Amino acid sequence: MSSAPEPAAEEGGRALLDTRWQRTLEVLSVIGPPLTVATALLVYFGWARSDAQAKSMGLDVSLFGYTVQDFILRSIQSLFRPLAWLALIGLAWLMVDRALNKVIATGRYRRALGRAATVLAAAGYLFAAAMWIITVAQPDRILLYVPYLIAGGLLLGSWGVALRRRTMQYAARSPILTPRGLERAFMFILVTLLLFWGTADYAQALGRGAAVDYQERSTLLPTAVVYSKERLAVSAPNVREASAGTTAAPLYRYSGLRLLVVSGGRIFLLNDGWTLKDGRVVVLPDNGSVRVEYGNPSSGNPAPG
């Protein structure tokens with residue numbers, strides 16, 4: 001019996017394996033960049049939220065030592081509502097656009113739809129221009145949702161122009177590198193930047209709101225009692241120092257504190273009655289040099305942690 005077919009079968013297997021690897025690399029090359037961009041955006045929005053919160057509390061976000069994973073988790077709240085609203089509005093727009101396409105295809109109401117599309121385009125662009133003027137006139141103010149409104153006006157105007165073209169029987173698709181294709185590309189870039197801007201403002205507003213929540217609801221934070229062999233000399237308001245040791249083995253006890261967060265090898269504590277104006281943030285090393293007991297905020301009795 002001859003064994004000549006074995007090398008051919010082996011070469012066929014290698015060729016099939018190479019083809020599979022090539023397809024896998026092609027898929028990864030397509031999926032990879034969007035995933036990288038999405039991850040970078042999540043990190044940025046999480047950082048924007050954390051930075052605004054830290055600045056409102058008189059701190060710098062770098063003190064917390066947040067990791068990339070921390071920023072991504074903090075960005076979820078910043079993106080959930082905007083993305084949900086964008087998805088709902090996008091679905092509603094697709095339904096309306098599909099219904100209008102059916103009407104245009106029948107040839108009925110073509111003239112009326114053309115006039116309505118012209119009014120829609122003018123109204124959308126004028127609205128976007130008015131919102132932009134308001135933004136330029138007040139450069140020092142953060143006007144929440146205004147970037148979204150500008151993007152909505154531009155999209156509404158562009159949709160009106162597209163509808164008018166369809167009613168005039170100019171709906172044939174054209175190559176990308178034409179004035180119409182470039183118009184769509186530039187509009188996509190502009191709207192994307194506006195959505196990015198609006199989401200960043202929204203994330204920062206959430207961060208500032210979180211700082212205000214700490215002021216109004218600091219009593220809901222876990223209680224913390226710190227024990228240290230060395231005197232810490234904490235000067236924050238409402239923080240009480242007491243001796244819990246002996247002369248030979250000194251031990252100091254600090255109460256009247258609330259846990260903010262443990263991150264980056266540090267323990268961040270707020271004083272009771274913390275406010276944005278007069279409050280203090282006590283930062284302690286999380287390396288075993290101090291012992292901290294945490295308690296349920298509703299009970300007020302700290303339990304060893």
Side-chain angles (χ1 to χ4, degrees), residues 42-80 200 202-245 250-305:
L42 288 174
V43 172
Y44 173 75
F45 292 134
W47 173 86
R49 182 183 186 277
S50 302
D51 182 63
Q53 177 182 334
K55 287 181 178 178
S56 298
M57 301 177 70
L59 302 173
D60 188 272
V61 68
S62 61
L63 292 174
F64 293 94
Y66 289 136
T67 62
V68 171
Q69 183 178 0
D70 294 330
F71 285 132
I72 291 176
L73 292 176
R74 287 173 172 267
S75 70
I76 294 176
Q77 186 178 7
S78 306
L79 293 175
F80 179 77
Y202 181 72
Q204 292 174 358
L206 286 180
R208 290 188 293 271
V212 175
D213 284 342
Y214 286 135
Q215 174 180 266
E216 297 178 350
R217 298 187 293 178
S218 61
T219 55
L220 299 180
L221 296 174
T223 59
V225 177
V226 179
Y227 293 89
S228 175
K229 294 181 180 179
E230 298 181 358
R231 193 170 186 178
L232 299 178
V234 178
S235 60
N238 300 323
V239 177
R240 297 171 294 278
E241 178 187 278
S243 178
L251 184 65
Y252 297 94
R253 180 180 185 272
Y254 296 89
S255 59
L257 294 166
R258 301 275 176 170
L259 175 65
L260 176 61
V261 68
V262 179
S263 177
R266 298 182 180 93
I267 304 172
F268 296 83
L269 305 169
L270 303 180
N271 59 284
D272 276 342
W274 184 88
T275 62
L276 292 172
K277 182 179 180 181
D278 302 322
R280 297 289 185 273
V281 179
V282 179
V283 184
L284 301 175
D286 187 19
N287 57 6
S289 60
V290 297
R291 180 168 63 91
V292 185
E293 294 181 350
Y294 303 109
N296 191 326
S298 60
S299 66
N301 297 318

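Values below: every heavy atom of this structure, side chains too, minus hydrogens, waters and symmetry copies. Along the sequence shown, residues carry numbers from 1. Since we're looking at a predicted model, the values are computed, not measured.
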Can you tell me how far apart [atom1] ([X]) and [atom2] ([Y]) are? Round to the nearest 0.5 Å.
X: Ser235; Y: Glu241; atom1: OG; atom2: CD; result: 11.0 Å
X: Asp286; Y: Arg266; atom1: CG; atom2: CZ; result: 11.0 Å
X: Leu206; Y: Ser75; atom1: CG; atom2: OG; result: 11.0 Å
X: Leu59; Y: Ser50; atom1: CG; atom2: OG; result: 12.0 Å
X: Leu42; Y: Ile72; atom1: CG; atom2: CD1; result: 6.0 Å
X: Asp272; Y: Thr219; atom1: CG; atom2: OG1; result: 9.0 Å

**Message:** Going by side-chain contact (heavy atoms from CB on, under 4.5 Å), name the residues that satisfy it together with Ser255, two or more places apart in sequence or in a different chain.
**Reply:**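 side-chain contact (heavy atoms from CB on, under 4.5 Å) check on Ser255 returns Val225, Arg240, Arg253.
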Minimum heavy-atom distance between [X] and [Y], given as atom pair plus value:
X: Ala224; Y: Leu259; answer: CB-N, 4.3 Å
X: Val234; Y: Val239; answer: CG1-CG1, 3.9 Å
X: Ala211; Y: Gln53; answer: CB-O, 4.0 Å
X: Gln204; Y: Ala48; answer: CG-O, 3.8 Å
X: Val61; Y: Ala54; answer: N-CB, 3.7 Å
X: Tyr254; Y: Leu232; answer: OH-N, 2.7 Å

**Message:** Quick one: does any side-chain atom of Asn271 pair with a main-chain N or O of Leu257 as donor and acceptor, under 3.5 Å?
**Reply:**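 Side chain of Asn271 to backbone of Leu257: no pair is present.
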**Prompt:** Quick one: does Tyr44's side chain have a donor or acceptor within less than 3.5 Å of a partner on Ala200's backbone?
**Reply:**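 A pair under 3.5 Å: no.
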Can I get a per-line list of side-chain donor-acceptor pairs under 3.5 Å for residues 63-71, giving both atom names and the distance, sequence neighbours left out?
from	atom 1	to	atom 2	distance (Å)
Tyr66	OH	Arg74	NH2	2.8
Thr67	OG1	Asp70	N	3.3
Thr67	OG1	Asp70	OD2	3.1
Asp70	OD2	Thr67	N	3.0

Determine whether [X] and [Y] make a side-chain contact, defined as any pair of heavy atoms from C-beta on separated by less than 4.5 Å.
X: Leu251; Y: Tyr227; result: yes
X: Arg258; Y: Tyr294; result: no
X: Val262; Y: Phe268; result: no
X: Glu230; Y: Tyr252; result: no

For residues 274-282, please give each side-chain donor-acceptor pair under 3.5 Å, one per line with the distance, not counting sequence neighbours.
from	atom 1	to	atom 2	distance (Å)
Thr275	OG1	Asp278	N	3.0
Arg280	NH1	Asp278	O	3.1

